[in-house]
Number of protein chains: 2
Amino acid sequence: MYKVKEVANLVGVSVRTLHHYDEIELLQPESITPAGYRLYTNQNLKRLQQILFFKEMGISLQQIKNILDRPDFDQLEALRMHEEMLKKKKSRIDTMIQTVQQSIHALEHGNEMEETEMFKGFDMKEIEEHQKRYAEEVRQTYPNDLVKQSEQKTSQYTAQDWKRIKEETNDIYQAIASHMSQGPDDPEVQRNVARWHQFITNNFYDCSIDIFRGLADLYVADERFTKNIDKHKEGLAVFLSEAMIIYCDEQQK
Amino acid sequence: MYKVKEVANLVGVSVRTLHHYDEIELLQPESITPAGYRLYTNQNLKRLQQILFFKEMGISLQQIKNILDRPDFDQLEALRMHEEMLKKKKSRIDTMIQTVQQSIHALEHGNEMEETEMFKGFDMKEIEEHQKRYAEEVRQTYPNDLVKQSEQKTSQYTAQDWKRIKEETNDIYQAIASHMSQGPDDPEVQRNVARWHQFITNNFYDCSIDIFRGLADLYVADERFTKNIDKHKEGLAVFLSEAMIIYCDEQQK
DNA sequence: CATTGACTCTAACGTAACGTGATACTCTAC
DNA sequence: GTAGAGTATCACGTTACGTTAGAGTCAATG
């Protein structure tokens, strides 16, 4: 069992960082003493290691939380991707070292470098590509059979069907959005989440509770979803996601 | 001559980044078209290269500006330090790669890693040390003879002298602080900056205009100075620095 | 010559991930 | 018993842009 400063020293982060991670429920201590002190275990440290690897990859803390909270999170697979990413970062730094050495050489010999040569290595494109790909893999939640089921159903939809679907979607989202101040476990919010669940099963595919839970993650993990949902109301995606998780917890009692 | 998007593409930064650098006077385009378009030259690109190297070192944009604006900025020396820093970053990533490989190995074989082993490489201490040392070297503005002159003078000061010096310092700072809203070129502000200049010469060392200008840089480049001065009023260090530079420009006309 | 799409500008709000400082309680070594 | 280190919460501040909006500019095209 470790106290907060012990963890901070061991790992090389600040106490404030650990407090922050606790606040956002990214890394919550295993237990709390009567005085309110945080106590961390080896299990916490393992999760913290993963967090730091993901951070090194440039993944946001919210996304890291979503990843680590997934029931099907594959630690070994994640470690392999971390290794790949670190090798890419190393390669980028190697390129930058070459650039700086060529810059030194050019300066010492009064030469001019090509513009494209001057900036080799700074480009974050390759790393950002990797981040994107990883995020893409992480949010690949749909089993193929669901995609097929959905495609089978929707391929027969008329424009009228889509209009109805869009209207009902808006209706449900607005109903949930208008109760954001009541909290995600508000009965009215939960009623509409149930509507949403039923709506997906009626119109797209058989949506089990586990799949619905995965969808909740997706709404915040995939910024395209987040953006789209937040068009109804700022912050709705996070709120809806939380409400869906509460709903799933209730259904699975 | 390049337009803003051309530079952005060549270098791998965003247009917004270049706008931002222009706004804070870190990288100002060589010229502006009648339509207000920014035009960059090869000289701008060279400075941008330096900026990106310093950014890679984790130096703040304000500090980068201070460094690059110094008349005695040594580009070759800076490039050498960039190389050194990049090698340290590479070394850190190598350590992290080893950590992740050992983590994979431990997981595959059902072993437990030592806590200290789990977090090797994450620690930014060595890199932060390097940043600090670099910042230290950058703000080493005092020639040794001034330090000696100051030490010679102040070694004879009594407690009464120090009391008087402290009071006069406070007096000058308060006078300047109370005119911050008037702008750094306000006559009253400039009068007190002259007082400050004379005060340093009277009490510490012969303070030439160039040295005074260097001191102005130091007040914002060295966060210990910044913090100390800002105790009088938030933002006073930056304001005083600007006022001192205006004063020096006036003196050197 | 008008149009259009890409590019450019300024302005301003928003954001993530903490740092920092204040205040008060807790714990442990001396 | 005490002092210093460690712990808690709270809340404001910060950096470095991203993003959006609205409007002007430019060059290719029909």
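Per chain, numbering begins at 1; letters A, B, ... match sequence-line order. When reading the values below, keep in mind they use all heavy atoms of this one structure, side chains included, and skip hydrogens, waters and symmetry mates. What you see is a predicted model; the values in this text were computed from it and never measured.
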- request: Compute the angle between the rotation axes at the two ends of the helix from C/dC1-D/dG30 to C/dC30-D/dG1, each taken over five pairs, rounded to 10 degrees.
  value: 20°
- prompt: Residues in side-chain hydrogen bond (donor to acceptor under 3.5 Å, both in side chains) with A/Ser60, at least two apart?
  reply: none
- prompt: Taking atom P of C/dC7 as reference, at what distance in whole Å does atom CG of B/Leu39 sit?
  reply: 16 Å
- request: Tell me which nucleotide among D/dG6, C/dT8, D/dA8 gets nearest to the side chain of A/Lys5.
  value: D/dG6
Acceptor/donor pairs from residues 175-183 of chain B side chains to any protein atom, 3.5 angstrom cut, sequence neighbours excluded:
from: B/Ser178; atom 1: OG; to: B/Gln174; atom 2: O; distance (Å): 3.3
from: B/Ser178; atom 1: OG; to: B/Ala175; atom 2: O; distance (Å): 3.0
from: B/His179; atom 1: ND1; to: B/Ala175; atom 2: O; distance (Å): 2.9

field: Rounded interatomic separation in angstrom, taking CZ from A/Arg38 and C1' from C/dT26
entry: 14 Å
message: From CD of A/Glu6 over to P of C/dT28, roughly how many Å is that when rounded to an integer?
response: 11 Å
query: Within the pair A/His19 and D/dA8, is there a side-chain N or O less than 4.0 Å away from OP1 or OP2?
result: yes
message: If I take atom CE in residue A/Met124 and atom C1' in nucleotide D/dC17, what distance separates them, rounded to the nearest angstrom?
response: 14 Å
message: The criterion is salt bridge (Lys or Arg N to Asp or Glu O under 4.0 Å); which residues satisfy it with B/Lys120, sequence neighbours excluded?
response: B/Glu117
I'd like a table of atom pairs between the protein and nucleotides 11-17 of chain C - only N or O on both sides, under 3.5 Å - with the distance next to each one.
from: C/dA17; atom 1: OP1; to: A/Leu61; atom 2: N; distance (Å): 3.1

message: Looking at A/Gln43, I'd like to know if its CD atom is crowded, meaning that more than 12 non-hydrogen atoms belonging to other residues, nucleotides or ligands lie closer than 6.0 Å.
response: no
query: Does A/Asp186 have any salt bridge (Lys or Arg N to Asp or Glu O under 4.0 Å) partners at least two apart in sequence or in another chain, and if so, which?
result: none
query: OP1, OP2 of D/dA16 versus side-chain N and O of B/Thr17: anything below 4.0 Å?
result: no
message: Applying side-chain hydrogen bond (donor to acceptor under 3.5 Å, both in side chains), can you list everything that pairs with B/Tyr173, at least two apart in sequence or on another chain?
response: none
field: Set of residues satisfying side-chain hydrogen bond (donor to acceptor under 3.5 Å, both in side chains) with respect to A/Ser14, sequence neighbours excluded
entry: A/Thr17
- request: Output every pair passing side chain to side chain donor-acceptor pair (under 3.5 Å) with a member in residues 45-54 of chain A, not counting sequence neighbours, ordered by first then second residue.
  value: A/Lys46-B/Glu112, A/Arg47-A/Asp69, A/Gln49-B/Ser103, A/Gln50-A/His82
field: Between D/dA16 (C1') and B/Met57 (CE): distance, integer Å
entry: 19 Å
Between CG on residue A/Leu48 and CD on residue B/Glu115, distance to nearest 0.5 Å: 12.0 Å
task: Write down the distance between CG (A/Leu18) and P (D/dG6), rounded to a whole number of angstrom.
output: 15 Å
message: Please compare A/Asp22 and B/Ser14 by the position of their nearest nucleotide in DNA chain D and report the one closer to 5'.
response: A/Asp22
task: Report the residues that fulfil salt bridge (Lys or Arg N to Asp or Glu O under 4.0 Å) with B/Lys87, sequence neighbours left out, ordered by chain and then residue number.
output: B/Glu83
B/Glu6: partners by salt bridge (Lys or Arg N to Asp or Glu O under 4.0 Å), with sequence neighbours left out: none
Protein-to-nucleotide contact annotation, 5' to 3' order, nucleotides 21-28 of chain D [B base; S sugar-phosphate only; - none; under 4.0 Å, heavy atom]: ---BBS--
